[in-house]
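Throughout, a chain's letter reflects where its sequence line sits, starting with A, and its residues are numbered from 1.
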There are 2 protein chains.
Amino acid sequence: MKSAALYRAQPRGESPAFQPLYRQIKALITQSLVSGEWRPGEPIPSEIELASRYSVSQGTVRKAVGELAEERVLVRQQGKGTFVATYAGERSQFPFLRINPDAEPMRELTARLLGLERGRDPAAARLLGLSSTATTFLLKRLLMINDRAACYEEIRLPAARFKGLSATVVEQHECMLYSMYEARFGVRMLQAEERVKAVLAPREVAAILHCVPGTPMLLIERVAFTYGQEPSELRRCYCDSQEHHYRNAITG
Amino acid sequence: MKSAALYRAQPRGESPAFQPLYRQIKALITQSLVSGEWRPGEPIPSEIELASRYSVSQGTVRKAVGELAEERVLVRQQGKGTFVATYAGERSQFPFLRINPDAEPMRELTARLLGLERGRDPAAARLLGLSSTATTFLLKRLLMINDRAACYEEIRLPAARFKGLSATVVEQHECMLYSMYEARFGVRMLQAEERVKAVLAPREVAAILHCVPGTPMLLIERVAFTYGQEPSELRRCYCDSQEHHYRNAITG
DNA sequence: GAGTGGTCTAGACCACGGC
DNA sequence: CCGTGGTCTAGACCACTCA
């Protein structure tokens with residue numbers, strides 16, 4: 001009746017890192033996602049199938065899938081099925097972007113690649129959890145909001161995960177990096193942490209964004225994580241906040 | 001068997017804004033919170049009691065309570081009961097604060113009241129959803145992180161909701177505003193929206209924070225909401241980000 | 001030991017989507 | 001029409017807390 005690897009109910013007494021059944025199911029589903037058994041955009045098996053596959057009730061599968069849906073790893077669609085979340089074909093192709101225009105609505109958002117290099121950067125490598133001699137890519141990008149230059153970004157990626165990255169590849173995806181990561185390299189970003197500071201615009205950045213050096217700017221440093229909290233992208237963004245702001249919603 | 005006001009299951013056909021049973025229960029529970037039947041820190045009735053009170057199964061109550069617990073309106077404690085969330089007696093008395101020191105850990109966080117006035121401010125009143133002639137309080141506050149001046153804040157409150165607010169009241173609560181709002185005025189802040197910009201420090205602010213005028217600073221504007229998305233606090237915070245940063249976690 | 005929330009099951013019925 | 005996810009129920013057993 002039960003899979004040998006699963007522990008039903010709360011085992012009594014000494015059980016170090018016990019997880020309830022639905023969490024174990026959740027972990028198994030995540031496993032299948034990481035292994036690529038079900039790829040972004042594809043449907044996963046129905047709840048009933050999963051229930052029989054793992055030898056648990058539909059309710060338990062529902063709870064596992066429910067948590068993954070809340071975390072936006074999966075997407076449920078009544079009448080159709082449950083799908084692996086994807087950035088491909090979504091409305092916002094810049095899902096983590098927190099910059100908005102002050103007055104107007106956000107109409108148009110485009111990016112232009114300014115450069116792509118490959119090299120070593122010990123500090124970045126360390127933040128990415130790599131050895132300090134690991135090679136990384138460095139992308140430079142300009143973000144235009146409603147046809148005005150808004151942000152200058154420097155993005156660092158571990159070369160090992162992104163073998164074969166080139167300017168051509170980036171441009172094929174119209175600079176929409178997160179959907180490119182997913183489609184080309186199977187890396188889906190799930191989560192990010194940002195640190196925001198106010199700085200004076202360095203000369204080079206001011207030149208790129210067409211503002212005077214010494215303009216106050218937002219400096220946003222981001223670490224983005226894939227499945228399993230693995231840091232896989234580093235980003236430094238200078239944003240001219242004369243006509244834009246960084247928006248955030250705080251909940252309890 | 002059923003309360004006359006509740007619609008069981010999905011009623012067929014024309015049903016304009018239908019909500020499933022557990023959402024109706026959730027709304028009823030929220031009602032009791034707003035009305036003050038159960039106050040912050042107090043336990044609410046057990047799931048079994050609520051189930052019989054609303055004539056639904058325990059499972060349905062669980063789902064309603066579950067959502068409220070996720071939103072941190074309620075707090076569940078196994079073996080004890082379910083309680084109305086409160087800021088009183090919590091570790092962080094500044095629950096919405098996103099400012100952290102760059103290098104050291106956050107050891108100590110204190111606030112000092114610089115002033116409290118009562119007056120009119122049409123722009124603020126409008127943002128608070130009041131008539132533009134409504135009176136508001138204006139609090140000025142200094143935030144010290146690890147004994148260094150970090151932020152200067154201006155806080156605006158609707159006078160109607162905060163009748164009897166005074167410097168003495170604020171100081172009795174050691175400047176911990178959100179727990180004071182709750183304890184003295186029954187206003188619990190659940191949610192906030194912030195806009196962050198980079199600006200040059202105005203002279204007065206620079207003087208208060210002991211930095212040179214023209215230092216780049218974070219300007220953080222916040223609207224905070226109580227139960228039912230009612231805007232009830234406005235905040236403008238200048239933060240010296242030389243040794244601090246604004247931190248944010250982004251999830252899918 | 002009584003009462004609370006937490007997990008798990010089994011089964012019913014529903015709304016939705018597509019064949 | 002069938003299969004999907006969404007809601008609701010009833011009941012079992014568990015772990016935790018407190019008297």
Side-chain angles (χ1 to χ4, degrees), chain A residues 1-3 6-29 38 42-70 73-85, chain B residues 1-3 6-29 38 42-70 73-85:
Chain A
M1 178 64 98
K2 78 187 69 169
S3 165
L6 300 178
Y7 293 92
R8 211 157 217 85
Q10 324 273 0
R12 332 192 159 197
E14 63 295 341
S15 156
F18 174 76
Q19 289 289 104
L21 239 197
Y22 71 88
R23 295 251 195 216
Q24 302 176 48
I25 304 301
K26 184 180 169 187
L28 290 175
I29 294 174
W38 309 315
E42 293 180 3
I44 69 169
S46 76
E47 294 178 354
I48 293 178
E49 275 181 78
L50 289 174
S52 91
R53 167 168 173 168
Y54 300 128
S55 304
V56 299
S57 77
Q58 186 187 356
T60 301
V61 169
R62 270 192 76 72
K63 202 155 183 197
V65 171
E67 288 202 352
L68 289 166
E70 244 173 52
V73 174
L74 299 177
V75 175
R76 297 212 256 211
Q77 286 184 250
Q78 190 175 82
K80 295 179 69 177
T82 301
F83 300 79
V84 183
Chain B
M1 178 63 100
K2 77 187 68 170
S3 165
L6 299 178
Y7 293 94
R8 211 154 218 88
Q10 324 274 359
R12 333 192 159 199
E14 63 294 343
S15 158
F18 173 77
Q19 288 290 104
L21 241 197
Y22 70 88
R23 296 250 193 216
Q24 302 177 48
I25 304 301
K26 184 180 169 186
L28 290 175
I29 294 174
W38 310 314
E42 292 180 3
I44 70 170
S46 77
E47 294 178 354
I48 294 178
E49 275 180 79
L50 289 174
S52 91
R53 167 167 172 170
Y54 300 127
S55 304
V56 298
S57 76
Q58 186 187 354
T60 301
V61 169
R62 269 192 77 70
K63 202 158 181 192
V65 171
E67 287 202 351
L68 289 166
E70 243 174 53
V73 174
L74 299 177
V75 175
R76 298 211 257 214
Q77 287 184 248
Q78 189 175 88
K80 296 178 72 176
T82 301
F83 300 80
V84 184

Which whole-number value in Å describes the distance from B/R23 CZ to D/dT7 P? 7 Å

CD of A/Q77 to CZ of A/F83, rounded to nearest 0.5 Å, is 5.0 Å

Starting at CZ of A/F83 and ending at C1' of D/dG5, how long is that distance when rounded to a whole Å? 11 Å

Do A/V65 and A/L74 have side chains that get closer than 4.5 Å, going by heavy atoms? yes

At less than 4.0 Å, is any side-chain N or O atom of B/S46 found next to OP1 or OP2 of C/dG3? Yes or no. no

When you compare the protein's N or O atoms with those of nucleotides 17-19 of chain D, which come within less than 3.5 Å of each other, and at what distance?
unit_1, atom_1, unit_2, atom_2, d
D/dC18, OP1, B/K80, NZ, 3.4

Spacing of OG1 belonging to A/T60 relative to CD belonging to A/Q24, to within rounding of 0.5 Å: 10.5 Å

In residues 60-69 of chain B, what residues come within less than 4.0 Å of DNA chain C, judged by heavy atoms? B/R62

For atom CD of A/Q19 and atom P of D/dA15, their distance in whole Å: 15 Å

Can you tell me which nucleotide in D/dG5, D/dT9, C/dG5 comes closest to the side chain of A/E47? D/dG5

Between B/P45 and B/L50, which heavy-atom pair has the shortest distance, and what is it? O-CD1, 3.6 Å

The side-chain hydrogen bond (donor to acceptor under 3.5 Å, both in side chains) partners of A/Q58 (sequence neighbours excluded) come to A/E47

Going by the rule side-chain hydrogen bond (donor to acceptor under 3.5 Å, both in side chains), which residues pair with A/E67 if we only count those two or more places apart in sequence or in a different chain? A/R23, A/K26

In whole angstrom, give the distance that lies between atom CD of A/Q77 and atom C1' of C/dG18. 13 Å

If the cut-off is 4.0 Å, is B/Y22 near the phosphate of D/dC8, judged by side-chain N/O to OP1 or OP2? no

Give a yes/no on whether any side-chain N or O of B/S57 is located under 4.0 angstrom from OP1 or OP2 of D/dC8. no

Nearest-angstrom distance from the residue atom CG of A/L50 to P of C/dC8: 16 Å

To the nearest 0.5 Å, how far apart are CD1 in B/I48 and OG in B/S57? 11.5 Å

Output for pair (B/L28 CG, B/R53 CZ), nearest 0.5 Å, gives 8.0 Å

Rounded to whole angstrom units, what separation is found between the CD1 atom of B/I48 and the C1' atom of D/dT9? 14 Å

Residues passing the side chain to side chain contact (heavy atoms under 4.5 Å, CB included) test with B/E70, sequence neighbours excluded, are A/E70

Give one of base, sugar-phosphate or nothing for B/Q58, where a contact means two heavy atoms less than 4.0 Å apart. nothing

Nearest-0.5 Å distance, NZ of residue B/K63 to CG of residue B/L21: 11.5 Å

Separation of D/dG6 P from B/K26 NZ (nearest whole Å): 16 Å

Calculate, to the nearest 0.5 Å, the distance between atoms CZ and CD1 belonging to B/R62 and B/I25 respectively. 15.0 Å

When you check the phosphate oxygens OP1 and OP2 of C/dT4, does a side-chain N or O of B/R76 lie under 4.0 Å from one of them? no

Taking every non-hydrogen atom, the tightest pair across B/Y22 and B/A64: O-CB, 3.3 Å

Difference in axis direction between the ends of the helix from C/dG1-D/dC18 to C/dG18-D/dC1, five pairs, 10°: 10°

